[in-house]
Amino acid sequence: MSFRLLLDEIRKGLDALVANPDVEFSVVPAARPEFGDASSNVAFLLAGVLKKSPREIATTISARYNAEKRSGGLVSYSKPHPSGYVNFFADWDSLSGVILDGARLETAGSVNMGDGTIITVEHTSVNPNKALHIGHIRNIVIGDTISRILRKAGYRVNVLNYVDDSGLQVADIIVGFWHLGFGMEPPPGKKFAQYCGDDVYVNTVKRYESDGSLEGIRKETLQEIEDAGSETARFADVITRRVLADQLETCWNLSVYYDCLNFESQIIHSGLWGAVFEKLKDAEVIELRTGGRNKGCWVIPGGDDIGAAGRGRRKNNDGSGGDNVDCSGNDNSDNNNSNSNNSDDGSGNDDASGNDDDNDDNNNDKVLVRSNGTATYIAKDIPYAAWKLGLLDDPFSYVAYSDREQPGTGVLWQTTLKHDGAKTISFAGTRVITVVDYRQSGLQKIVAGLMRRFRFGLHDGDDSGDDNGDGDDSGDGDGGGDGDGGGSNDYSGSNDYSGSNDYSGSNDGGNDGGNDGGNDGGVNSGVEGGGNNNNDTDSNNNNDDAYIHLGYESVTLSPETAAALGMDTEGRQAHMSGRRGIYVDADSVYEILRKKTTSETQKRHPDMKKQKVESISHALSVGAIRYEMIRQDLDKIITFDLTRSLSLEGDTASYIQYAGARASRILEKAKRQLPSHIDYRLLTEPSERNLIRLIGSFDTYVHDAVTNLSPKVAARYCHDLAVGFNIFYEKNRVLGLEDHNLEDARLYLVSMFRLTIERALGLIGIEAPATM
RNA sequence: GGACUCGUAGCACAGUCCGGAUAGUGCGGGCGGCUUCGGACCGCCAGGUCGAGGGAUCGAAGCCCUCCGAGUCCUCCA
């Protein structure tokens, strides 16, 4: 039970009063305490219709609401505000009990939006030739947090990590090992992955510049990797597995876990590409150019939108993959003019798709298969995407990657092409979320467009890239079988909400609740940053995108931190670059934090056992990193600064954890069981009620986080809840009160806070230690 | 040349999807608070033409248009 019940009750009451389905009023938590507990803008909306002032209408509505209110509800009374708002004051004697009784339940904060729908989330996907840096960590933490949130919302989630064990970057370190004399063992104290990235990779790349002969070796090496039987391929397997193991160790340390590892080499050898290629041809999604600059290539014909595609293959979340600019704004001039010559060909943009067959200027084509018959790297993403959606026969079997049991996900599987004794499992999802940074939006858009055609057939030649173009989605229903179409209330299945109220904030509360086309069926696809100026009509159709690119901005280094790495950026932020060695290693960030939190903890607990200190400082360090990575919006660049970003005060995880520790301390000192009957009516202080309201808002935040695929929302909830507790703590004593009933009630409140903050932090993968 | 994203206090960000009540929070600056459950905390003060201009609206930080600034993407490279 939650605060939501109050809003639902008010909405229902207003619906009956207003009896006008066209007025889409809102009922929201009050902006300030003096406005009561909930507010509605209904009077503003009626003002136009009734030709009266909002204030007048609000007065009438309030009066009638109060007159017709049935007893036994959660609303005490309604009061009009001169501004025109209709405000509502809750009957806290009832509401406190409803919320706090509900908070104890296992299901508190859960919302059944997924109803068992399977969502496959891919994140991490870092080239296995280097250690993880702080930029990768943003991807990883976003992916992991989203997975946790989706589980909380009733989805079944498969988490994947795509390992590009056959790419150019792997070839680069092989060149280093075999031709530049790098030894196989890292110096003492360094992980193999760090050694590969910091030393072998960076220096090999550097040597390319001075030694032209290496370029040929590099190309050869790359080709040999793809030849499964070669010595090079075997060696690649050995080193990438070793690097991967180090990377996974970093992830596990941050409480990030996976269900399955996919290896690119296996995808190549599995025949998946061949199957997809045939399908693409059959569906006439791709064309063979017979003339023009792409003569002899199989291409995805470029319309306007598709033309915006990212280049080539996805870069595996490395950022460092290609010729990225390292220092923003510096040396990219040569990048730009390179394409100035092929820009304006005048071929009308939009519907270019069909009509430029044999023409000379297919500038927006994306080449999938080169004229020499080899596939480009974008081609490798397509079969993987299709596999994730379960659109192809699964060529893989699965074996356990390690014996280690992962919390939350259990066994970590990996694909194998050997079918003896291996298991058959499916990791396909009805929906797929791919976490990759914004720079690859273009490519991801293409992939999403192709997936749509795979699922819905080949008849929509015109809507290739854009979101809502396919007016033809009528027939498909939700071909993928995701249960969002029914227009049923996504809350209905849950044990929290009995009413027929649709959560979406839409206004169908009274009438039928079934006519809004299921648009709030949880995860929606519009997240991709791209301006999804969604539906103009209410039969929205943006939800049928089963393939969702969850993009985010990158992590850059502050000028100071860049300088600490020996780079002069002239006062500007610097992009990280794996190949140039400009990055902040994830493990070392953790190490810095661990030292800091260890000493802080010891300062407070001089006698604490070392092991305990370690576990606390671990929880604090992980919290600091994870929180920093998700606390702001996905489309904001994170400027990482070695001193600023590692703070433990203010809007940080440790602030939140501290609130939890304070609560634990009180409960510990109370040293007793609470009686079975608690008199919630004694909790009358504003700070008490505010805390109760926050505890009861858990599910609202979860719902919000899922619909927007926004980890930030969960982080903010934790923060708001902690603030609420700290204020309560400051203003109210809990222990040693003369009034034992009040003490019991406050203790119970503290204990429900403790439980809720623990669960909320769990949503973002952070522990809540009892002492710190 | 085309496309996407961002622009809110000295700094870093909420709020923008879905328009309404004195635009919030943290850091930094100034002042104050532990004989009382943990000061990784709390309170107070200073600090804002919500990038600029226009439009629709009774009403705009939010919606529409134009511009400015910043970042990113647009290879038969991977």
Side-chain angles (χ1 to χ4, degrees), chain A residues 24 26 31-32 35 39 41 44 47-48 53-54 81-85 87 164 167-169 171 222 293-297 299 304-305 307-313 315 321-323 325 328-329 338-340 342-344 349 363-365 367-372 374 376-377 437-443 504-506 526 529-534 551 553-554 556 573 575 597 600 604 620 631-633 635-637 639 641 644 647-652 654-655 657-659 661-663 665-670 707-708 712 716 719-720 723 726-727 729-731 733-736 750 771-772:
Chain A
E24 302 188 9
S26 65
R32 288 169 216 286
F35 299 152
S39 305
N41 64 348
F44 292 110
S53 73
H81 189 272
S83 63
Y85 273 101
N87 291 331
D164 181 1
L168 189 66
Q169 297 198 21
L222 180 62
R293 58 198 294 262
N294 293 332
K295 182 178 179 185
C297 300
V299 304
D304 182 34
D305 34 23
R311 49 175 172 189
R313 127 206 199 226
K315 286 169 292 186
D323 41 333
V325 191
S328 54
S338 66
N339 33 14
S340 60
N342 59 359
S343 49
D344 46 310
N349 276 342
N363 288 316
N364 290 327
D365 285 350
V367 173
L368 281 191
V369 178
R370 300 183 190 98
S371 51
N372 69 5
T374 58
T376 61
Y377 263 76
D437 75 60
Y438 274 146
R439 288 178 293 190
Q440 296 184 64
S441 296
L443 171 59
S504 66
S506 70
N532 54 318
N533 9 337
N534 284 335
E553 270 292 356
S554 46
T556 63
Q573 307 171 0
H575 277 98
T597 52
E600 291 291 326
R604 291 163 175 79
L620 297 179
R631 60 181 259 263
Q632 56 190 246
D633 211 71
D635 54 22
K636 289 284 202 306
I637 294 172
T639 306
D641 184 276
R644 239 189 12 249
S647 164
L648 301 175
E649 291 169 10
D651 186 5
T652 62
S654 29
Y655 172 90
Q657 290 166 315
Y658 182 65
R662 278 176 147 182
R665 185 71 172 153
I666 292 175
L667 296 171
E668 178 198 322
K669 284 199 146 192
T707 40
N708 296 307
K712 168 191 69 175
R716 291 202 75 77
H719 178 257
D720 292 351
V723 169
N726 276 331
I727 292 172
Y729 181 92
E730 201 69 24
K731 303 206 165 173
R733 224 185 132 72
V734 176
L735 299 177
V750 171
T771 56
M772 59 186 271

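Numbers restart at 1 for each chain; the letters A, B, ... are given by sequence-line order, proteins then strands.
- Spacing between B:rG15 and B:rU75 at atom P, rounded to whole Å, works out to 34 Å.
- The nucleotide B:rA3 finds its pairing partner in B:rU72, both defining distances of the Watson-Crick or G-U wobble pair being shorter than 3.5 Å.
- Residues A:Tyr658 and A:Asn726 have side chains that never bring a donor and an acceptor to within less than 3.5 angstrom of each other.
- A search for side chain to side chain donor-acceptor pair (under 3.5 Å) contacts involving A:Ser647 returns nothing, not counting sequence neighbours.
- Rounded to whole Å, the P atom of B:rC67 lies 11 Å from the corresponding atom of B:rA3.
- In this entry B:rU36 has no Watson-Crick or G-U wobble partner, no candidate having both defining distances under 3.5 Å.
- Once rounded to the nearest 0.5 Å, the distance linking OG1 of A:Thr556 with CG of A:Asp641 reads 10.0 Å.
- Counting any heavy atom pair closer than 4.0 Å across all strands shown, A:Asn41 reaches no nucleic acid atom.
- Atom name C1', nucleotides B:rA9 and B:rG48: the rounded distance is 5 Å, in whole Å.
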What nitrogen or oxygen pairs link the protein and nucleotides 10-13 of chain B at under 3.5 Å?
residue: B:rC13; atom: OP1; partner: A:Gln632; partner atom: OE1; Å: 3.4
residue: B:rC13; atom: OP1; partner: A:Ile637; partner atom: O; Å: 3.0

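- Every residue two or more places apart in sequence or in another chain was checked for a salt bridge (charged side-chain N to carboxylate O under 4.0 Å, His left out) with A:Arg644, and none qualifies.
- Between B:rC58 and B:rU8, the two P atoms lie 31 Å apart (nearest whole Å).
- As rounded to whole Å, 17 Å separates atom P of B:rU5 from atom CD of A:Gln440.
- Atom CG in A:Asp641 sits about 14 Å away from atom C1' in B:rG28, given to the nearest Å.
- Heavy-atom distances to RNA chain B give each of A:Ile727 and A:Glu553 a nearest nucleotide, and the one nearer the 5′ end belongs to A:Glu553.
- Between A:His575 and the phosphate of B:rU72, there is a side-chain N or O to OP1/OP2 separation shorter than 4.0 Å.
- For B:rC67, the paired base is B:rG51 (Watson-Crick or G-U wobble, both distances below 3.5 Å).
- For the residue pair A:Ser441 and A:Tyr438, the shortest heavy atom distance occurs at OG-O, 2.7 Å.
- Atom P of B:rG53 sits at a distance of 24 Å from the matching atom of B:rA14, rounded to the whole Å.
- For the pair A:Asp635 CG and B:rA14 C1', the interatomic distance rounds to 13 Å; values are reported in whole Å.
- B:rC34 and B:rG39 have their P atoms separated by 11 Å, with the value rounded to a whole Å.
- Atom name P, nucleotides B:rC42 and B:rG54: the rounded distance is 42 Å, in whole Å.
- If you take CD on A:Glu553 and CZ on A:Arg439, they are separated by 8.5 Å, rounding to the nearest 0.5 Å.
- When Watson-Crick and G-U wobble pairs are counted only if both distances are under 3.5 Å, B:rU22 pairs with no nucleotide at all.
- For the P atoms, the distance linking B:rC50 with B:rU5 amounts to 23 Å, nearest Å.
- Checked by distance alone, A:Ser441 brings no side-chain donor or acceptor within 3.5 Å of a matching partner on the base of B:rC4.
- A:Asn87 comes within 4.0 angstrom of a base, heavy atoms only.
- Of the residues near RNA chain B, A:Gly296 and A:Tyr85, the one whose nearest nucleotide (by heavy atom distance) lies more toward the 5' end is A:Tyr85.
- In this structure A:Val734 satisfies the side chain to side chain contact (heavy atoms under 4.5 Å, CB included) test together with A:Ile666, A:Phe728, A:Arg746, A:Leu747, A:Val750, sequence neighbours excluded.
- Residues passing the salt bridge (charged side-chain N to carboxylate O under 4.0 Å, His left out) test with A:Arg631, sequence neighbours excluded: A:Glu628, A:Asp651.
- Residues meeting the side chain to side chain donor-acceptor pair (under 3.5 Å) test with A:His81, sequence neighbours left out: A:Ser83.
- In this structure A:Arg604 satisfies the salt bridge (charged side-chain N to carboxylate O under 4.0 Å, His left out) test together with A:Glu600, sequence neighbours excluded.
- If you measure from atom OH of A:Tyr438 to atom C1' of B:rA70, you get 16 Å, rounded to the nearest angstrom.
- Here B:rG59 presents its C1' atom at 9 Å from CZ of A:Phe44, a figure rounded to the nearest Å.
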TODO: Quick one, give me the B/S/- string for nucleotides 32-40 of chain B, reading 5' to 3', where B means a protein heavy atom under 4.0 Å from the base and S means that only happens at the primed atoms, P, OP1 or OP2.
DONE: -B--BBBSB
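- Using N1 to N3 plus N6-O4 or O6-N4 for Watson-Crick, or N1-O2 and O6-N3 for G-U wobble, each under 3.5 Å, B:rG10 pairs with B:rC27.
- At the phosphate of B:rG24, OP1 or OP2 sits under 4.0 Å from a side-chain N or O atom of A:Arg32.
- Legend: residues meeting side chain to side chain contact (heavy atoms under 4.5 Å, CB included) with A:Val369, ordered by chain and number and at least two apart, are A:Trp273, A:Phe277, A:Trp298.
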